[in-house]
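Basis for what follows: all heavy atoms, side chains included, without hydrogens, waters or symmetry-related copies. Naming: A, B, ... by sequence-line order, numbering from 1 per chain.
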Amino acid sequence: MKNLEIAQIFREIAQILEIKGDNPFRIRAYERAAQNIEGLTEDIEDYLKEDRLGEIPGIGKDLAEKIKEFTSSGKIKAYLDLKKSVPAGVLALLNIPSVGPKTAKLLYEKLKIKNAEDLEKAIARNKLQGIFGIKEKTIENILKGIAIVKKGQERMTLAQAGQVADEFVSALEKLPEVKKISTAGSLRREKETVRDIDILVISDQPKKVMHTFVTLPEVKDILAEGETKSSVRTKLDVQVDCRVVEAKSFGAALIYFTGSKNFNIKLRQIAIKKGLKVNEYGIFRKEKFLAGRSEEEVFKVLGLPYIEPELREDNGEIELSLKGKLPRLHLIELKDIKGDLHTHSTWSDGGNSIKEMAEAARGLGYSYIAITDHSQSLKVAGGLTPADLKKKKQEIDKINKTLKGFRVLYGTEVDIDSDGKIDYPDDILKEFEITVAAIHSGFKQSKAQLTRRILRACANKYVHIIAHPTGRLWGTRESYEIDMDEVLRVARETNTSLEINAFPQRLDLNDLYARRAKEMAVKLAIGTDAHAIEQLKTMKLGMAVARRGWLSREDVINTLAVEELLRTIKK
DNA sequence: GCCGTTTTCGGCCCGACTGTTTTCAGTCG
């Protein structure tokens, strides 16, 4: 799959062109192409083979040629030539906050600064003084920016971002001046990682809100403080932006502030075609305010149905909704979930007993929970021997007699060994009501080997769900590579579900694969992999992935009532 | 560089904040 590689090259071309001061629309064309390629659920080489590159928005004749060139020769000549004109380090300067293409170009041309180290040295030697347009304050900002880059400022997980946002929201909503408040940005779109936190406030007294915002105890640095918009950096080095508007603009501002950027651009283009203008204050005909109080209102004037934040990526959703095809897509919601299909108890490496897990699950409104403790080969995680299993089964039977309207399912998370075999014999496997299978070792095998392992597991008639199918652990381990289309094809044939693992560092499958699975008519299971009752709540993160993957209730097996679930999963 | 029920050429989203300017370019989202 070369999608990400090609997207990266196009993005880099855009950056080089930016520094060279090329036509801004040409630059944007490359950026847009890069983004659209990243958002593809299919392998770009399949588009090429079937002569469908033109179907990808933003890919015209020229870029299609470049994609062909890369696919056949592994390089793009125009890109290599372009790269010679600007040293790689100069591109890296763009990562420094407050340094954009113009500044980078200036520094390179005037002072021969080729990377961040050069820049620091030049500042230390007072070389920047006297360059046109650069004075004390700019230098100070650049130094701050360098410090941030050095810290390795990365994107947060969705869960971390949620916590930071909660602190700010709960502090601000206490103010009597704050009439309404909402998070926005990629946090509201529930992206799996988030760069900064965006908060939107309705108030008649923006100055007061701004002042409170920038003086909250969490704040370390004020990056900008204006009448209606401010940015701060927290003590944990997270950037938080806050914007204040009037009530009549709340919907328009929420759309604008939620993004994505490309989604906003597309909306504004649609507005222009209708002789309208959209900005964060509302939707206008000439100077006349038409709407803005709610998002629904603004969409309506544009002739669009409401589009859920998770879909707003300009990834086909606008075109579909213009055709009226999106309304039929009812995104799955947390309340649709009837049970958790991947959990652990003290029988293996979990922190709570089966009874405690069951009661907590019932407290969340579920009607069942599968206790899927590890299998015998995973000794480090307290995998269960056949003798243990008997006792565990007895315990579950006993608990089920005491719980009304709730059921504990006898489950297991089995290991897929390096050949794709499962580590319990069939006569044991057939007893389980829910069998989740996963790869826990041998991640370094080839793509073909790893794919074959998963295919074999799917073919096992006792395996219901493949857990965390790509094995990634955010910040620790990259996904291993598998032939996903092949896995999806076999999963469908064998009636095997793929899991969206909701564990905060996993979120595996990711949103794009989830969407691809839906396209291929493969069923999904959202499981938390909870090792303690608290972790059952991470279902909402799995839900974020599912919604970004365009899933409806029908696509997810644990929206079914227990009898129907057990009927559906049998092979 | 892309794209077209207003166009195959001439458009391409829109505004806040900062710093260094004295009317605005650069950066950001």
Roughly, in whole Å, what's the span from [atom1] in [X] to [atom2] in [N]?
X	N	atom1	atom2	value
A:K135	B:dT18	NZ	C1'	14 Å
A:K61	B:dC2	NZ	P	10 Å
A:I56	B:dC3	CD1	P	11 Å
A:Y30	B:dC12	OH	C1'	16 Å
A:R32	B:dC3	CZ	P	6 Å
A:N262	B:dC14	CG	C1'	14 Å
A:K273	B:dC12	NZ	P	12 Å
A:K266	B:dC12	NZ	C1'	13 Å

If the [atom1] atom of [N] is compared with that of [M], how far apart are they to the nearest Å?
N	M	atom1	result
B:dT21	B:dT27	P	15 Å
B:dG1	B:dT5	P	23 Å
B:dC9	B:dG15	P	31 Å
B:dC28	B:dT23	P	25 Å
B:dC17	B:dC13	P	22 Å
B:dT22	B:dT18	C1'	16 Å
B:dA16	B:dG11	P	26 Å
B:dT6	B:dC2	P	23 Å

Consider the side chain of [X], meaning its heavy atoms from C-beta on, and name the nucleotide among [options] that approaches it most closely.
X	options	result
A:E280	B:dT18, B:dC14, B:dA16	B:dA16
A:Y281	B:dA16, B:dC17, B:dC2	B:dA16
A:A29	B:dC2, B:dT18, B:dG19	B:dC2
A:I265	B:dT20, B:dC17, B:dC13	B:dC13
A:K277	B:dC2, B:dC17, B:dC14	B:dC14

Sequence neighbours excluded, every pair satisfying ring-ring contact (aromatic ring centres under 6.0 Å, His included) that has a member inside [range]:
range	answer
residues 178-205 of chain A	none
residues 227-268 of chain A	none
residues 13-52 of chain A	A:F10-A:Y30

Hey, does [X] reach any base, or is it just sugar-phosphate, or nothing, if we go heavy atoms under 4.0 Å?
X	result
A:D62	sugar-phosphate
A:R28	nothing
A:L267	nothing

Salt bridge flag under 4.0 Å for residues [X] and [Y]:
X	Y	result
A:D237	A:K220	yes
A:R52	A:D46	no
A:D511	A:R515	no
A:R548	A:E190	no

Atom [atom1] in [X], atom [atom2] in [Y]: separation rounded to 0.5 Å?
X	Y	atom1	atom2	result
A:L541	A:Q535	CG	CD	11.5 Å
A:L187	A:D198	CG	CG	8.0 Å
A:I526	A:I332	CD1	CD1	4.5 Å

Would you indicate, yes or no, if B:dC17 has its OP1 or OP2 atom less than 4.0 angstrom from a side-chain nitrogen or oxygen of A:S231?
no

Would you say B:dG15 has OP1 or OP2 under 4.0 Å from some side-chain N or O of A:N279?
yes

Checking A:L473 now: which residues fulfil side-chain contact (heavy atoms from CB on, under 4.5 Å) with it, not counting sequence neighbours?
A:T476, A:R477, A:Q505, A:R506

5' priority, DNA chain B, between A:R26 and A:N141 [closest heavy atom]
A:R26

Per salt bridge (Lys or Arg N to Asp or Glu O under 4.0 Å), A:E192 is matched among A:R547, A:R472, A:R155 by A:R472

Which residues in residues 200-218 of chain A have a heavy atom closer than 4.0 Å to any atom of DNA chain B?
none

I need the residues from residues 11-24 of chain A with at least one non-hydrogen atom less than 4.0 Å from DNA chain B; give them sorted by number, or say none.
A:N23

Residue pairs fulfilling side chain to side chain donor-acceptor pair (under 3.5 Å) with at least one residue in residues 269-285 of chain A, sequence neighbours excluded
A:R243-A:E280, A:R243-A:Y281

Enumerate donor-acceptor pairs with a distance under 3.5 Å from any side-chain N or O in residues 120-132 of chain A to protein atoms, sequence neighbours excluded.
from	atom 1	to	atom 2	distance (Å)
A:E120	OE1	A:K150	NZ	3.2
A:E120	OE2	A:K150	NZ	3.0

In chain order, what residues pass the side chain to side chain donor-acceptor pair (under 3.5 Å) check against A:E136, with sequence neighbours excluded?
none

May I have the list of side-chain donor-acceptor pairs in residues 93-117 of chain A shorter than 3.5 Å, sequence neighbours left out?
from	atom 1	to	atom 2	distance (Å)
A:K112	NZ	A:E109	O	3.3
A:N115	OD1	A:E117	N	3.1
A:N115	OD1	A:D118	N	2.9

B/S/- along nucleotides 24-29 of chain B (protein heavy atoms under 4.0 Å) is --SSSB

Where does B:dT21 land, syn or anti, given syn is within 90° of 0?
anti

Stems formed with participation of DNA chain B [Watson-Crick or G-U wobble, under 3.5 Å, three or more pairs]
B:1-4 with B:9-12, B:14-19 with B:24-29

